[in-house]
Amino acid sequence: MLKGKQIVLGVTGGIAAYKAVELLRLLTKAGADVHVIMTRAAQEFIAPLTFQTLSANPVHTELFNLIAEREIGHIALADRADLCIIAPATANVIGKIAAGIADDMLTTTIMATKAPVLIAPAMNVNMYTNPIYRNNEETLMDCGYLFVAPATGTLACGWEGEGKLASPESIFEAAVAAISPTDLRGQTIMITAGPTREELDPVRFISNHSSGRMGYALAKNAQRRGARVVLISGPVNLPAPFGVELVGVESAKEMQAEVMARIGGCTAVIKAAAVADYRPRVRSGEKIKKKDAELSLELVKTPDILAELGRLEKRPLLVGFAAETGNLNEFAARKLKEKNVDFIVANDISQPDAGFNVETNRARLLFRDGRCLEYPLMSKDALAAVILDHVATELAAK
Ligand code: CTP
């Protein structure tokens, strides 16, 4: 997403300036070319050399620097930026930008740029709640400036409350969202992910190898593209995606209950979860003890959640998955029809680089009008973007 993007990172004079180093690291790791501008006050907290070394670019500190003016210049920097971030942003710099004051390299660049500007404020709680600050923030928001709200906690000044710089990870996510297409804005997308667990007794369950990666990649991408995302997830070992409403479930029955309780208002549902098709008829309250005889389990069917959604009178856009070990097209086409979905993502899980528990996937998309689009091996993140492109197109056509 950030590969090759030109990002201006403005650092102002707050104790949280050191956290901008971590943000810079996340941005460069994602492939961005970062140009750091430090205000004079920022240099009291941290040395420019740190940013210079990590960004592999000269750090800009002076508005009238002969070399900088010849080689780059504040206007050139403003022009070349795909995104400007100010982190941490003090009440002072926010006030200056809101008032149209451009008296140093950072404020001049911000005023001259046509790129989106993302501001991550950090200050004392009383400054943050001061009506003067609030007016400035509102003015900037009205002009289209983006904000990452500060966190609440113990502040460097000793006060408790709002004003702590948002985490580098959340500023990074907001940065990615700021330069991502917003073609899913206004949509509410429900995504199911991961396996389900069907308990036999208090210590054992039936489950599958789903890691949840495909569903989580979809959730992260949809959120970045502006959708409100509800992620209903079976037990997985993945961090909660930023800005997503995460609902944890265990069994197919629980997943069904959470899906149906939240379906109102959803414009699309993507069912990436590997839902167990059967559960033990009886769940023993006590641990099942080993005996001399063999043990047979009686299994009963779980609810088919996707098919249930397909039967809804006013159903949202439905995307299903079909994980198969053979006859991919035939089985996927049958699921498309029988579950009444708009399109289905089919993948052959007998291949070692596709399907469960790997980072990559190789999929084909089957549509109701008979189209079948085949995609090469790609990361689950890239496949999520492809699926969401089709979701955006189908939603626009609805
Ligand atoms: N699905 C569901 N509820 C179930 C089983 C599956 O909602 N109880 C959904 C899955 O999330 C997926 C699609 O249906 O989007 C297809 O799942 P899959 O396991 O491939 O197919 P099944 O219908 O279970 O059929 P089979 O296991 O025989 O291939």
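In each ligand, atom 1 is the first atom listed, and ligand 1 is the first ligand listed. These numbers were taken from a predicted model, which means no experiment stands behind them. The analysis underlying the following values was restricted to heavy atoms, covering all of them including side chains, and did not include hydrogens, waters or symmetry mates. Index from 1, following the sequence.
Taking the charged nitrogens against the carboxylate oxygens, Glu359 and Lys380 have no contact shorter than 4.0 Å, which rules out a salt bridge.
When hydrophobic side chains of Ile, Leu, Val, Met, Phe, Trp and Tyr are connected at separations under 4.5 Å, Met260 ends up clustered with Met190, Val230, Ile232, Val247, Val249, Met255, Val259, Ile263, Val269, Val275, Ile305, Leu306, Leu309, Leu312, Leu318, Leu336, Val341, Ile344, Leu366.
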Please table the atom pairs, donor to acceptor, closer than 3.5 Å between any side-chain atom in residues 139-164 and protein atoms at least two apart or in another chain.
unit_1, atom_1, unit_2, atom_2, d
Thr139, OG1, Asn135, O, 2.8
Thr154, OG1, Glu160, OE2, 2.5

If you look only at distance, which donor and acceptor atoms sit under 3.5 Å apart when one is on a side chain in residues 181-188 and the other is two or more places apart or in another chain?
unit_1, atom_1, unit_2, atom_2, d
Asp183, OD1, Arg225, NE, 3.1
Asp183, OD2, Arg225, NH2, 2.8
Gln187, OE1, Thr267, OG1, 2.8

Starting from the C-alpha separation in whole Å, work towards a yes-or-no answer on ring-ring contact (aromatic ring centres under 6.0 Å, His included) for Tyr18 and Phe45. CA-CA 8 Å; Tyr18 73 95; Phe45 290 90; 9.8 Å; no

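Residues Ser211 and Tyr216 bring no donor and acceptor atom of their side chains to less than 3.5 Å of each other.
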Under 3.5 Å, N/O to N/O: give me all the pairs between ligand 1 and the protein, one per line with atom names and distance.
unit_1, atom_1, unit_2, atom_2, d
ligand 1, 3 (N), Ile305, N, 3.1
ligand 1, 7 (O), Lys271, NZ, 2.9
ligand 1, 7 (O), Ile305, N, 3.4
ligand 1, 7 (O), Leu306, N, 2.8
ligand 1, 8 (N), Pro303, O, 2.9
ligand 1, 11 (O), Lys271, O, 3.3
ligand 1, 11 (O), Lys271, NZ, 3.4
ligand 1, 11 (O), Ala273, O, 2.8
ligand 1, 14 (O), Lys339, NZ, 2.9
ligand 1, 15 (O), Lys271, O, 2.7
ligand 1, 15 (O), Phe321, N, 2.9
ligand 1, 15 (O), Phe321, O, 3.4
ligand 1, 20 (O), Ala323, N, 3.4
ligand 1, 20 (O), Lys335, NZ, 2.8
ligand 1, 21 (O), Lys335, NZ, 3.0
ligand 1, 23 (O), Lys339, NZ, 2.5
ligand 1, 24 (O), Asp277, OD1, 2.8
ligand 1, 24 (O), Asp277, OD2, 2.9
ligand 1, 27 (O), Asp277, OD2, 2.8
ligand 1, 29 (O), Lys335, NZ, 2.8

